[in-house]
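Just so it is clear: chains get the letters A, B, ... in the order the sequence lines come, proteins before strands, and each one is counted from 1. The analysis underlying the following values was restricted to heavy atoms, covering all of them including side chains, and did not include hydrogens, waters or symmetry mates. None of these values were measured; they are calculated from a predicted model.
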Number of protein chains: 2
Amino acid sequence: MIMAKQTVVQIDNQATEILTRNNLSITGGRKRILHLFLEQAGALAHGDIEKKVGEKFDRVTIYRTLQTFVDKGIIHTIPTADNSIRYALCKDECSGGHHHDHHVHFVCTVCHITYCLDDVVTPALKFPKGYTSSHVEVVAEGVCRNCKPQH
Amino acid sequence: MIMAKQTVVQIDNQATEILTRNNLSITGGRKRILHLFLEQAGALAHGDIEKKVGEKFDRVTIYRTLQTFVDKGIIHTIPTADNSIRYALCKDECSGGHHHDHHVHFVCTVCHITYCLDDVVTPALKFPKGYTSSHVEVVAEGVCRNCKPQH
DNA sequence: CTTATTTTGCAACTATGTTGCTTTTTTAAT
DNA sequence: ATTAAAAAAGCAACATAGTTGCAAAATAAG
Ligand SMILES: [Mn+2]
Ligand SMILES: [Mn+2]
Ligand SMILES: [Zn+2]
Ligand SMILES: [Zn+2]
């Protein structure tokens with residue numbers, strides 16, 4: 001499925017639509033941060049966002065915006081081995097803090113981009129007697145499609 | 001397999017033996033921190049260790065000791081959703097920074113203990129074309145054996 | 001346009017982690 | 001046991017990450 005690159009106006013409309021749908025006030029900061037997620041493929045860390053919009057918006061605003069988006073189910077967090085939380089857009093099915101993110105995440109060791117592998121489903125696991133699991137996170141590390149060495 | 005609770009002397013000998021085997025100088029701090037891992041089941045965060053031995057040893061020493069242990073393959077790190085690295089003892093097969101920790105980790109949402117489920121093996125995954133994975137981390141969340149509600 | 005509500009910025013603070021350098025401890029050789 | 005070399009620990013200073021309270025500004029609703 002090849003998707004045409006969206007125009008700036010389309011992305012802006014999409015950002016506004018997401019905010020409206022989630023009953024959030026439409027503000028410059030929220031739209032700007034949503035743009036970042038809509039414009040590119042990988043996940044973003046707080047630091048990435050701060051580097052890009054930090055002069056325009058306060059650190060605290062970025063933290064609060066990300067938390068709001070997580071609460072609303074607009075984005076989800078991805079735990080990584082290097083102990084820095086990444087955030088990525090949720091698919092439409094997510095709602096109100098209750099995410100249905102049963103997909104695997106992939107961190108490229110070359111370009112350091114974190115991908116949502118939406119088609120790789122979190123496998124079912126058999127736990128020892130007495131352990132009841134409510135959620136499983138899978139994070140794979142390796143080399144991504146773009147960084148794969150050419151033969 | 002029921003294991004008898006070890007005496008303090010036995011734990012101390014074990015700590016010394018681990019340090020010797022890994023060509024590490026035997027120091028009070030390293031033995032003390034190893035004791036903490038040997039004495040109890042779950043994983044430890046830097047903060048946990050600092051609370052227990054922080055008055056006796058400097059924060060920096062704890063950081064450096066943990067890093068040394070990771071480098072030597074004595075302990076391994078466990079990524080968690082709350083963005084705080086936990087450390088747990090490696091099984092004997094691990095060596096020199098090259099861990100063979102293909103087991104699943106379990107974080108209890110009640111007691112917040114992190115367990116190494118040594119018998120639950122990391123499942124094999126089929127990745128999309130172009131992605132090559134070198135390592136997969138699985139962290140499950142739920143209620144542990146001890147916190148399971150009694151019927 | 002006006003008012004109530006929400007969001008933002010700012011300051012201050014806590015927590016976490018790192019680095020350079022000096023002193024102390026440990027190890028190994030005499 | 002002494003001693004010299006090597007390693008570890010402590011200290012200070014710094015960097016990054018994240019939180020909270022409150023006042024000012026922006027947004028939404030009427
Ligand atoms: Mn994802
Ligand atoms: Mn483990
Ligand atoms: Zn890559
Ligand atoms: Zn528990």
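- Evaluation of the side-chain contact (heavy atoms from CB on, under 4.5 Å) rule for Val138(A) yields Val104(A), Thr122(A), Pro123(A), Val136(A), Leu125(B), Val136(B), Val138(B) as partners, not counting sequence neighbours.
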Ignoring hydrogens and angles, write down the donor-acceptor pairs under 3.5 Å from the side chains of residues 47-61 of chain B, residues two or more places apart or on other chains.
unit_1: Asp48(B); atom_1: OD2; unit_2: Ala45(B); atom_2: N; d: 2.8
unit_1: Glu50(B); atom_1: OE1; unit_2: His46(B); atom_2: ND1; d: 3.4
unit_1: Asp58(B); atom_1: OD2; unit_2: Val60(B); atom_2: N; d: 2.9

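- At distances below 3.5 Å, not a single donor-acceptor pair connects side-chain atoms of His112(A) with backbone N or O atoms of Val107(A).
- Taking CD1 of Ile85(A) as the start and CG of Leu66(A) as the end, the distance is 10.0 Å to the nearest 0.5 Å.
- Distance CD/Glu137(A) to NE2/His102(A): 10.0 Å, rounded to 0.5 Å.
- Leu117(B) and Pro128(A) make their closest contact through CD1-CD, 4.0 Å (heavy atoms, listed as atom of the first residue, atom of the second, distance).
- Listed by first and then second residue, the salt bridge (Lys or Arg N to Asp or Glu O under 4.0 Å) pairs that reach into residues 122-136 of chain B come to none, sequence neighbours excluded.
- The rotation axes computed at either terminus of the helix from dC1(C)-dG30(D) to dT30(C)-dA1(D) lie 30° apart, taking five pairs at each end and rounding to 10 degrees.
- In the hydrophobic clustering, Tyr63(A) connects to no other residue, as no ILVMFWY side-chain heavy atoms lie under 4.5 Å from its own.
- Toward the 5' end of DNA chain D, the nearer of the two residues Thr61(B) and Gln67(A), judged by each one's closest nucleotide, is Thr61(B).
- Remark: Tyr131(B) pairs with Phe106(A), Tyr115(A) by the ring pair (Phe, Tyr, Trp, His ring centres under 6.0 Å) rule, at least two apart or across chains.
- Extent of DNA chain D lying under 4.0 Å from chain B heavy atoms, first and last nucleotide in 5' to 3' order, is dA7(D) to dG18(D).
- Checking Arg64(B) against Thr68(A), the closest nucleotide of DNA chain C that is more toward the 5' end is the one next to Thr68(A).
- Tyr87(A) meets the ring pair (Phe, Tyr, Trp, His ring centres under 6.0 Å) test with no other residue; sequence neighbours excluded.
- Transitive grouping of hydrophobic side chains (ILVMFWY, heavy atoms separated by less than 4.5 Å) brings Ile11(A) and Phe69(A) into a common cluster.
- Residues that satisfy the side-chain contact (heavy atoms from CB on, under 4.5 Å) test with Val110(B), not counting sequence neighbours, are Cys108(B), Val143(B), Cys147(B).
- Within 4.0 Å of Arg30(A), counting heavy atoms only, lie sugar-phosphate atoms of the nucleic acid but no base atom.
- Interface limits on DNA chain C: the 5'-most and 3'-most nucleotides within less than 4.0 Å of chain B heavy atoms are dT16(C) to dT27(C).
- Within the structure, the side-chain hydrogen bond (donor to acceptor under 3.5 Å, both in side chains) test picks out the following pairs touching residues 31-44 of chain A (sequence neighbours left out): Asp12(A)-Lys31(A), Asp12(A)-His35(A).
- Contacts between residues 50-60 of chain A and DNA chain D, defined by a heavy-atom separation under 4.0 Å, are made by Arg59(A), Val60(A).
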